[in-house]
Amino acid sequence: MRNKQKTEKVLALVEKAYGRPAPLRKTPPIDEIIRTILSQNTNDRNSLAAFAILKRHFKSWESLLKADTSSIAGLIKHAGLANIKAARIKEVLSEIERREGRLSLSSLKKMDVEDALLYLRSLKGVGPKTAACVLLFSFGKPAMPVDTHIFRVAKRMGLLSGKVTVEQAHSVLTKLVPKHLIYAFHLGIIEHGRKICKAQNPLCGFCVLYNMCRYKDKAIYRARKTK
Ligand code: SF4
């Protein structure tokens, strides 16, 4: 089965198992950039708690820019790496304000995906996942953010070859998944990775992708060995 067809089949099975994701509700791009920086190297619970604290504490993101890095770090300690993330958030927002003359990314709206990704990636501290999250969740543009779950499941399913790095996976999957399915694929595969195709001990016996998976024999062999 060709990879594009396989991707569509994977998504159909995942949607059947977990349901269709709720329609996209676009988030303000500056919120999205801050939220994604906070999510680096931590789970959603911790990063969303830190984001909620920032939202409550600052009346606007302009006022966050005027705050000391150390006081921002104190507010986001739930998210871990607080000093690094606080400095990164300030640096990224300052650069956006310098380029745009205000704290806004509305200029991305008219750009195509490639140009918008280049713009975002040129901001120090913005990696491929943050850039793709902003484009997908704030502008509804077809860019695929690849987190640890998507990377793992796509590799196990053979949608990404063994040599592809997580950095490269963003553009490989963006090209592979039909544009109109990127949002559903992103959410569906994360759900599958969290619930069934776990990093350690994937629950292959309960997996809707079992018949299509290249990794299952290895996973089952490992599970037997550890018993
Ligand atoms: S069969 Fe196992 S390894 Fe393959 S996708 Fe399903 S849970 Fe993951």
Side-chain angles (χ1 to χ4, degrees), residues 1-24 35-36 38-48 79-80 113 117 127-137 140-227:
M1 196 185 296
R2 295 175 75 93
N3 260 0
K4 273 207 186 230
Q5 286 170 288
K6 189 170 175 179
T7 309
E8 290 183 31
K9 181 99 195 282
V10 164
L11 183 58
L13 289 167
V14 163
E15 278 196 1
K16 206 168 165 197
Y18 310 112
R20 198 161 270 194
L24 173 66
R35 194 188 62 75
T36 317
L38 289 171
S39 77
Q40 291 162 0
N41 301 97
T42 191
N43 59 36
D44 279 357
R45 190 162 50 93
N46 293 340
S47 66
L48 292 174
V113 170
L117 282 173
K129 185 177 131 196
T130 304
C133 279
V134 172
L135 294 191
L136 181 63
F137 295 117
K141 289 185 190 283
M144 175 72 78
V146 178
D147 76 343
T148 173
H149 300 294
I150 295 180
F151 188 61
R152 181 176 68 253
V153 176
K155 283 248 170 174
R156 287 176 174 175
M157 293 301 300
L159 299 174
L160 294 172
S161 77
K163 287 183 188 155
V164 172
T165 63
V166 68
E167 173 110 12
Q168 294 162 339
H170 292 80
S171 61
V172 175
L173 288 177
T174 295
K175 284 180 198 135
L176 185 64
V177 179
K179 286 185 173 46
H180 66 291
L181 298 180
I182 283 183
Y183 170 72
F185 185 92
H186 174 83
L187 294 182
I189 299 297
I190 288 178
E191 182 101 350
H192 185 62
R194 281 185 181 143
K195 290 187 171 154
I196 301 289
C197 191
K198 298 164 188 268
Q200 311 293 328
N201 305 324
L203 306 173
C204 302
F206 299 93
C207 178
V208 291
L209 306 177
Y210 186 86
N211 290 334
M212 300 169 70
C213 179
R214 292 183 180 180
Y215 184 83
K216 59 179 179 279
D217 296 336
K218 210 186 262 179
I220 291 166
Y221 173 73
R222 279 191 185 162
R224 280 192 189 135
K225 242 178 105 183
T226 53
K227 270 185 189 164

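Indexing begins at 1, ligand by ligand and atom by atom, following the structure's order. The structure displayed is predicted, hence computed values, not measured ones. Any value given below was found using the heavy atoms of this structure, including those in side chains, with hydrogens, waters and symmetry copies removed.
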Could you tell me, atom by atom, which parts of ligand 1 come under 4.0 Å of a heavy atom of [X]?
X: Y215; answer: 3 (S)
X: M157; answer: 5 (S)
X: C213; answer: 1 (S), 3 (S), 4 (Fe), 5 (S)

- Check whether any N, O or S atom of C204, backbone or side chain, sits closer than 2.8 Å to atom 2 (Fe) of ligand 1. yes
- Determine whether F137 and H186 make a side-chain contact, defined as any pair of heavy atoms from C-beta on separated by less than 4.5 Å. yes
- Query: Within C197, is some N, O or S atom less than 2.8 Å away from atom 4 (Fe) of ligand 1?
  - Reply: no
- Does any N, O or S atom in H192 come within less than 2.8 Å of atom 6 (Fe) of ligand 1? no
- Within 6.0 angstrom of R194 CZ, more than 12 heavy atoms from elsewhere: yes
- Query: NZ of K4: more than 12 outside heavy atoms within 6.0 angstrom?
  - Reply: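 Yes, enclosed.
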- Query: Is H170 reaching over with its side chain to a backbone N or O of V146, donor-acceptor style, under 3.5 angstrom?
  - Reply: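 A pair under 3.5 Å: yes.
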- Query: Would you call the rings of H192 and Y18 parallel, tilted or perpendicular if under 30° counts as parallel and over 60° as perpendicular?
  - Reply: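 Correct class here is tilted.
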